[in-house]
Amino acid sequence: MGVNDLSQVQAVVGNNVTVKPAYGLKALLHLAIQEAGEEKLSIAKWLVERAKCYVQQDVLEEAVSNTYYSALERAIIHRQSGILKVLLADIPECIYRGKNARDGITLLDLAAYVGFPPCMQLLVEKTGTDITEQDEDHGIPLHYAAVQGNIECMLYLIEQLKCMGREDLLNATGGEFGFTPLHCLVHSKELKEDGVNLRRVIAALQESKDIRDCKGRTPKDLALSIHGCKISPDLL
């Protein structure tokens with residue numbers, strides 16, 4: 001079933017609070033995000049209100065929690081900032097601040113990895129999501145943006161960290177190889193573009209230039225070993 005008609009969705013889900021959350025809610029939330037787009041926010045909003053019944057009646061089962069969290073993930077992956085805003089409006093704090101049990105990353109880590117600044121801004125500015133929170137390997141959202149070469153996301157996170165007085169985290173090491181964000185960036189990009197924003201990011205991370213990873217490599221060593229001559233000599 002599609003999600004073009006709110007009355008159809010309401011009829012399927014029903015108004016009986018004994019309906020198991022795993023029956024319909026999860027699938028329909030996913031459909032609302034994947035197919036409907038931001039112009040169909042009324043459907044996503046109604047589904048959220050419907051799911052809230054379980055929270056209000058103190059029957060927030062694992063299935064409901066997974067439904068909310070999975071819907072948030074899909075909104076980020078599909079770059080639906082409007083739907084993300086609706087979903088975040090009334091979701092219990094314990095869910096949107098939590099980590100994904102499967103891979104231990106936060107929603108902000110995911111948004112940084114996907115590379116969609118509007119979703120990141122919503123999570124940080126509307127919900128107070130902590131941009132300094134580390135994963136189990138000591139990675140922070142800046143690492144997740146860097147590993148995909150998401151320059152705009154990196155700029156946003158760098159500015160946020162500076163505003164917090166946490167410039168120390170610009171050089172934080174994490175992951176299997178003890179990479180700084182600059183290591184992650186040179187690992188993902190050839191660094192041959194002469195882009196202004198790329199240069200701004202590298203300038204902000206300049207104190208990482210002499211930091212060595214677990215194999216004793218500086219960011220420049222890593223860049224040369226991966227990309228060879230495909231690197232502008234004045235960037236690192």
Neighbour count >12 (heavy atoms, 6.0 Å) for atom OH, Tyr113: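 Open.
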Other residues, nucleotides, ligands: >12 heavy atoms within 6.0 Å of Glu176 CD: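 No, the 6.0 Å shell around CD holds no more than 12 heavy atoms from other groups.
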Which pair of non-hydrogen atoms, one from [X] and one from [Y], has the smallest distance, and what is that distance?
X: His143; Y: His138; result: CE1-O, 4.2 Å
X: His183; Y: Leu222; result: O-CD2, 3.5 Å
X: Ala111; Y: Cys153; result: O-SG, 4.4 Å
X: Leu161; Y: Ile131; result: CD2-CD1, 3.6 Å
X: Glu167; Y: Lys162; result: OE2-O, 3.8 Å
X: Pro141; Y: Ala112; result: O-CB, 3.4 Å

Residue of the set Leu157, Thr132, Val147, Leu169 for which side chain to side chain contact (heavy atoms under 4.5 Å, CB included) holds with Leu142: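 That would be Leu157; it is the only one of Leu157, Thr132, Val147, Leu169 passing the side chain to side chain contact (heavy atoms under 4.5 Å, CB included) with Leu142.
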Hey, what do you get for [atom1] ([X]) to [atom2] ([Y]), rounding to the nearest 0.5 Å?
X: Leu122; Y: Leu107; atom1: CG; atom2: CG; answer: 11.5 Å
X: Leu182; Y: Glu207; atom1: CG; atom2: CD; answer: 11.5 Å
X: Arg74; Y: Ile76; atom1: CZ; atom2: CD1; answer: 13.0 Å
X: Met120; Y: Glu152; atom1: CE; atom2: CD; answer: 11.0 Å
X: Leu123; Y: Thr129; atom1: CG; atom2: OG1; answer: 5.0 Å
X: Ser208; Y: Phe179; atom1: OG; atom2: CZ; answer: 12.5 Å

Electrostatic pair Lys215-Asp221, nearest N-O below 4.0 angstrom: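 Salt bridge between Lys215 and Asp221, a charged N being under 4.0 Å from a carboxylate O: no.
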Identified side chain to side chain donor-acceptor pair (under 3.5 Å) partner of Tyr144 from the options Asp135, Asn150, Thr106: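 Only match with Tyr144 under side chain to side chain donor-acceptor pair (under 3.5 Å): Asp135.
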Single-linkage hydrophobic cluster, 4.5 Å side-chain cutoff, Phe177 and Val186 together: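 Linked within one cluster.
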Worked check of side chain to side chain contact (heavy atoms under 4.5 Å, CB included) between Thr218 and Ile211: CA-CA 6 Å; Thr218 65; Ile211 296 178; over 6 Å; no
Backbone N/O of Ile151 and side chain of Arg200: donor-acceptor pair under 3.5 Å: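 Side chain of Arg200 to backbone of Ile151, a donor-acceptor pair under 3.5 Å: no, none is there.
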Criterion side chain to side chain contact (heavy atoms under 4.5 Å, CB included) on Ile158 and Leu205, from CA distance to verdict: CA-CA 9 Å; Ile158 287 169; Leu205 303 177; 4.3 Å; yes
No-hydrogen, no-angle side-chain donor-acceptor test under 3.5 Å, Thr180 and Asn171: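 No, no side-chain donor-acceptor pair sits under 3.5 Å.
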Stepwise side chain to side chain contact (heavy atoms under 4.5 Å, CB included) test for Leu198 and Leu185: CA-CA 10 Å; Leu198 175 61; Leu185 179 62; 4.1 Å; yes
